[in-house]
Protein chains: 2
Amino acid sequence: MRTKKYVLTEKDMPRQWYNIMADMPNGMEPPLHPGTGQPCGPQDLEPIFPMNLIEQEVSTQRWIDIPEEVLDKLAIWRPSPLFRAYGLEKALGTPARIYYKNEGVSPAGSHKPNTAIAQAYYNKVAGTKRITTETGAGQWGSSLAMCCAFFGIECKVFMVKISYNQKPYRRLMMETWGAKCTASPSNETAAGRSILEKTPDSPGSLGMAISEAVEVAVSDKDTKYALGSVLNHVMIHQSIIGLEAQKQMQMAGDYPDVIIGSAGGGSNFAGLAMPFARDKIEGKQIDIIAVEPTSCPTLTRGPFAYDFGDTVQMTPLLPMHSLGHNFVPAPIHAGGLRYHGMAPIVSQLVLDGIIRPMAVHQMETFNAGVTFARSEGYISAPECNHAVAATIREALKAKEEGKEKVILFNWSGHGLVDLGAYENFFRGKLSDHELPQSEIDAALKDLESLPKPRQAKK
Amino acid sequence: MRTKKYVLTEKDMPRQWYNIMADMPNGMEPPLHPGTGQPCGPQDLEPIFPMNLIEQEVSTQRWIDIPEEVLDKLAIWRPSPLFRAYGLEKALGTPARIYYKNEGVSPAGSHKPNTAIAQAYYNKVAGTKRITTETGAGQWGSSLAMCCAFFGIECKVFMVKISYNQKPYRRLMMETWGAKCTASPSNETAAGRSILEKTPDSPGSLGMAISEAVEVAVSDKDTKYALGSVLNHVMIHQSIIGLEAQKQMQMAGDYPDVIIGSAGGGSNFAGLAMPFARDKIEGKQIDIIAVEPTSCPTLTRGPFAYDFGDTVQMTPLLPMHSLGHNFVPAPIHAGGLRYHGMAPIVSQLVLDGIIRPMAVHQMETFNAGVTFARSEGYISAPECNHAVAATIREALKAKEEGKEKVILFNWSGHGLVDLGAYENFFRGKLSDHELPQSEIDAALKDLESLPKPRQAKK
């Protein structure tokens with residue numbers, strides 16, 4: 001019997017997270033205070049985050065110990081299995097050896113609990129009684145809800161109104177785990193009320209939901225805010241994916257020529273890629289591909305710039321590839337990839353030539369997802385299908401070239417709660433969406449008045 | 001770090017299924033031909049099933065080799081992890097040690113693929129081009145759809161109408177895996193048409209859907225029928241759950257005092273319980289509990305009798321606990337448990353005193369599911385919550401008695417595609433349902449004219 005998957009036990013679970021900020025060839029540019037334009041100090045972030053997470057956010061320590069209490073809960077779904085995709089290889093007739101890391105095994109069905117559990121723990125230690133957050137499709141909100149339940153912390157989620165109405169199942173997951181979920185914009189915050197005054201039937205957006213969640217956090221000392229992607233400490237927590245994958249590839253006796261992950265805010269991609277990016281920085285030849293939707297082409301068509309994380313300009317300015325904080329992506333179903341910016345760590349590594357960005361169209365991603373489901377069994381989340389599509393592209397290229405390439409991708413989560421999107425696909429209701437350059441140019445105007453990063457291209 | 005879960009590798013996967021028919025203290029009574037009332041020969045089943053599965057159905061061989069091709073696909077989700085439920089133990093404050101086998105890790109989210117993959121394989125070998133089946137909540141139909149996709153077999157599923165309408169996501173899973181799914185009763189079969197004539201707005205039942213699926217199978221020589229529970233060969237395929245669990249309990253250094261599984265047709269329960277039932281037959285003290293809903297109390301209130309597997313009386317007569325083939329259970333949401341009969345193997349073992357049946361009310365099961373989700377993370381399917389509820393009962397009893405009892409239950413599948421039922425629960429739309437004895441008496445009248453098993457109680 002050939003080995004289909006590589007399984008680690010809890011004993012093999014990494015005991016430290018990897019922080020690529022210790023190894024980045026050109027370092028990172030600092031976040032800036034939105035008012036002064038000066039680098040943010042820890043105290044600027046204190047109303048929003050607990051100090052122990054702020055310390056991680058700015059740490060350049062290469063290895064960070066994972067607390068025992070976090071390991072104990074991570075063990076509910078970790079280590080996650082690494083699969084050899086024999087079925088997909090056969091379906092494609094490719095000589096490539098395809099591997100995928102299955103992050104769908106967590107109770108929430110995605111990689112998001114990897115950081116939710118750490119954030120809930122650090123907040124618990126810091127005495128936080130309540131955590132607020134925003135969520136789009138609901139993968140992040142549901143993951144945080146679960147992890148807050150584990151540590152007895154109240155959880156309040158502002159969910160983008162259109163998703164709140166279209167995706168009742170992820171909302172119900174949050175309720176099952178005891179969180180309070182509100183459609184955003186809501187009447188519960190000044191930010192929400194001011195938006196509703198102007199546009200009473202606003203469908204909401206991540207930017208608006210962030211504003212509401214942050215407002216609630218800063219107005220109460222026992223309440224903090226949590227973000228499920230983009231920030232450095234989130235990338236650090238997700239590094240456990242790649243660290244496990246390195247051990248598992250070793251078990252398989254292979255090393256990846258290509259590494260692939262879908263990228264919205266960047267966390268699942270970076271989680272798998274960063275430990276391998278370190279190998280690349282040290283001289284290994286690896287093609288590391290971040291895959292985004294053509295309808296929200298942050299890395300492929302947005303500049304490296306300073307920009308706000310949210311629409312209402314409450315967050316610090318982050319050095320990142322961005323389409324401008326007012327950019328509203330088309331309503332494609334990969335809600336988790338509809339973010340105007342990109343994690344500063346991922347953005348910097350693209351700038352450094354370590355990561356290669358790629359954009360794929362929606363129809364290609366769903367076709368890829370169906371091919372994957374029928375050959376490997378697992379039904380992917382629409383976000384994850386971007387990685388599957390890029391994998392199929394690379395595997396078919398290997399076939400054309402007759403090369404025995406080794407491809408590793410992050411299967412970031414299942415799509416069992418996203419089957420409405422598949423229904424639209426089957427019923428012919430989806431299409432591709434190529435953004436006109438004029439729309440991008442207009443959105444980028446919002447960046448003009450902001451400070452420029454040192455490394456920004458002229 | 002305490003061990004949270006016990007993980008086997010593919011190398012540790014059982015290479016043979018266990019067939020409890022070799023060890024049953026009073027043997028099994030044979031199925032009867034519906035026309036002659038005489039014991040069925042293999043040729044009677046040939047229009048419905050391929051001969052290789054019929055051979056398994058009547059086998060009394062203790063160990064049956066699992067074909068390499070089946071092992072290769074089983075390895076996509078097996079071996080499944082065994083968890084120690086520290087979180088639940090703490091939430092209940094019980095001295096009991098609670099373990100659960102997590103069958104929700106399969107791509108379909110339940111234990112059903114364990115037999116679907118074997119049945120698809122044996123049909124493939126026998127030259128079957130198309131498989132028909134019925135499904136209630138959709139766990140079985142979706143599992144068979146996936147496994148047919150793996151082997152390139154067409155799949156046609158008759159889905160109980162009320163579930164078809166209430167559970168679009170499982171229908172979409174079937175479509176994603178390439179199956180055709182029809183609401184039953186349908187106009188596509190004579191059986192369906194005759195039911196619709198009498199009751200045009202029938203919500204459907206498993207019994208009706210079976211009639212439709214069997215009719216399609218017998219009318220075409222390249223088409224066979226597959227059943228996801230009840231039959232002996234299904235129980236045999238599911239024994240892999242218990243065989244793995246035995247190894248894992250050994251790793252944990254524990255042995256169960258109590259074994260619990262939810263029982264509709266009996267397959268997930270028997271899958272876990274049978275290898276342990278063998279130990280019990282050989283003298284071990286174990287309390288083996290099959291948990292059913294009070295709204296469909298086949299084991300607790302139905303007699304051991306010969307009855308048809310379907311409403312339209314097309315199947316052989318099976319010796320089983322039954323509420324009568326016309327019994328239509330109340331539309332509780334645990335669709336997978338709404339079956340009028342029970343696996344003959346499970347029925348016989350209840351008769352033999354090896355298995356203890358228990359019925360639980362709906363509200364208790366959902367409350368149990370919420371407790372489990374908030375302490376262990378995983379959101380259970382409504383069916384599975386019956387096992388969780390019984391586990392909590394036993395754990396609280398252990399607390400009262402101050403006993404360090406070891407409880408092992410089968411967590412047969414997740415409920416991420418069943419969150420509509422949770423919504424009804426949260427909104428106060430669910431209630432308990434105690435069947436009036438008069439209703440049961442009326443349903444049992446259908447059994448009067450049928451042959452009686454030798455061991456039937458007077």
Side-chain angles (χ1 to χ4, degrees), chain A residues 1-11 13 15 68 71-79 81 83 86-87 102 104-109 113 146-147 149-150 168-173 175-178 369-370 373-379 414-423 425-426, chain B residues 1-11 13 15 68 71-77 79 81 83 86-87 102 104-109 113 142 146-147 149-150 168-173 175-178 369-370 373-379 414-423 425-426:
Chain A
M1 196 183 142
R2 62 193 180 176
T3 303
K4 171 80 194 163
K5 61 184 187 299
Y6 299 90
V7 173
L8 301 169
T9 68
E10 289 168 26
K11 285 197 194 93
M13 192 149 63
R15 293 299 195 266
E68 274 296 314
L71 284 169
D72 185 63
K73 294 297 178 187
L74 280 173
I76 296 177
W77 61 93
R78 305 209 70 83
F83 282 70
Y86 286 113
N102 184 341
V105 294
S106 80
M146 175 179 79
C147 296
F150 289 159
Y169 276 29
R170 284 230 173 79
R171 170 172 56 75
L172 284 162
M173 290 166 74
E175 278 192 57
T176 303
W177 284 313
V370 170
R374 293 186 186 173
S375 55
E376 289 293 315
Y378 294 98
I379 298 178
H414 67 65
L416 299 183
V417 197
D418 307 288
L419 285 162
Y422 279 81
E423 175 145 54
F425 173 67
F426 291 133
Chain B
M1 195 183 141
R2 62 192 181 179
T3 302
K4 171 82 194 161
K5 59 184 188 300
Y6 299 89
V7 173
L8 301 168
T9 69
E10 290 169 24
K11 285 196 195 97
M13 192 149 63
R15 293 299 195 268
E68 273 295 314
L71 283 170
D72 185 61
K73 296 296 180 188
L74 279 174
I76 295 176
W77 62 92
F83 282 70
Y86 286 114
N102 184 340
V105 294
S106 80
S142 56
M146 175 180 80
C147 295
F150 288 159
Y169 276 29
R170 284 231 172 77
R171 171 172 57 74
L172 284 162
M173 289 166 74
E175 278 193 57
T176 303
W177 284 313
V370 170
R374 293 185 186 173
S375 56
E376 288 294 314
Y378 294 98
I379 297 177
H414 67 65
L416 299 183
V417 198
D418 307 288
L419 285 163
Y422 279 81
E423 174 144 53
F425 173 67
F426 291 133

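The model shown is predicted, which means the values in this text are computed figures rather than measured ones. Each chain gets a letter, A, B and so on, in the order the sequences are listed, and its residues count up from 1.
When heavy atoms are compared at a cutoff of 4.5 Å, Met146(B) approaches chain A solely by way of its side chain, counted from C-beta outward. Proximity to chain A (any heavy atom under 4.5 Å) is restricted, for Phe426(B), to the side chain, taken from C-beta onward. Contact annotation for Phe83(B): only side-chain heavy atoms (C-beta onward) come within less than 4.5 Å of a heavy atom of chain A. At a 4.5 Å heavy-atom cutoff, the contact between Ser375(B) and chain A is made by backbone atoms alone. When heavy atoms are compared at a cutoff of 4.5 Å, Val105(B) approaches chain A solely by way of its backbone atoms N, CA, C and O. Only the backbone of Arg78(A) comes within less than 4.5 Å of a heavy atom in chain B; its side chain stays farther off. For a residue to count as touching a neighbouring chain, one of its non-hydrogen atoms must lie under 4.5 Å from one of that chain's; by this rule Thr3(A) touches chain B with backbone and side chain alike. Of the two parts of Arg171(B), only the side chain, counted from C-beta on, holds a non-hydrogen atom closer than 4.5 Å to a non-hydrogen atom of chain A.
Distance alone, capped at 3.5 Å, places no donor-acceptor pair between the Arg170(B) side chain and the Pro168(B) backbone. Here the side chain of Trp177(A) pairs no donor or acceptor atom with the backbone of Cys147(A) at under 3.5 angstrom. Between the side chain of Tyr169(A) and the backbone N or O of Leu416(A), no donor-acceptor pair lies under 3.5 Å.
Between chain B and the residues Pro81(A), Ser106(A), Pro107(A), Ala75(A), the most heavy-atom pairs under 4.5 angstrom are made by Pro107(A). Per-residue counts of heavy-atom pairs under 4.5 Å with chain B were compared for Asn102(A), Leu8(A), Leu419(A), Leu71(A); the largest is that of Leu419(A). Between chain B and the residues Thr176(A), Val7(A), Val417(A), Val370(A), the most heavy-atom pairs under 4.5 angstrom are made by Thr176(A). No other option in Glu175(B), Lys73(B), Glu68(B), Met13(B) has as many heavy-atom pairs under 4.5 Å with chain A as Glu175(B). Interface summary for chain A: among Asp72(B), Thr9(B), Ile76(B), the most heavy-atom pairs under 4.5 angstrom belong to Ile76(B). Between chain A and the residues Phe150(B), Trp77(B), Tyr422(B), the largest count of heavy-atom pairs under 4.5 Å involves Phe150(B).
Interatomic distance, OH of Tyr6(B) versus CD of Glu10(A), reported as 8.0 Å (0.5 Å rounding).
Under a 4.0 Å N-O distance rule, the pair Glu376(A)/Lys4(A) qualifies as a salt bridge.
Contact record, Leu172(A) with Gly420(B): CD1-N, 4.4 Å, taken as the closest heavy-atom pair.
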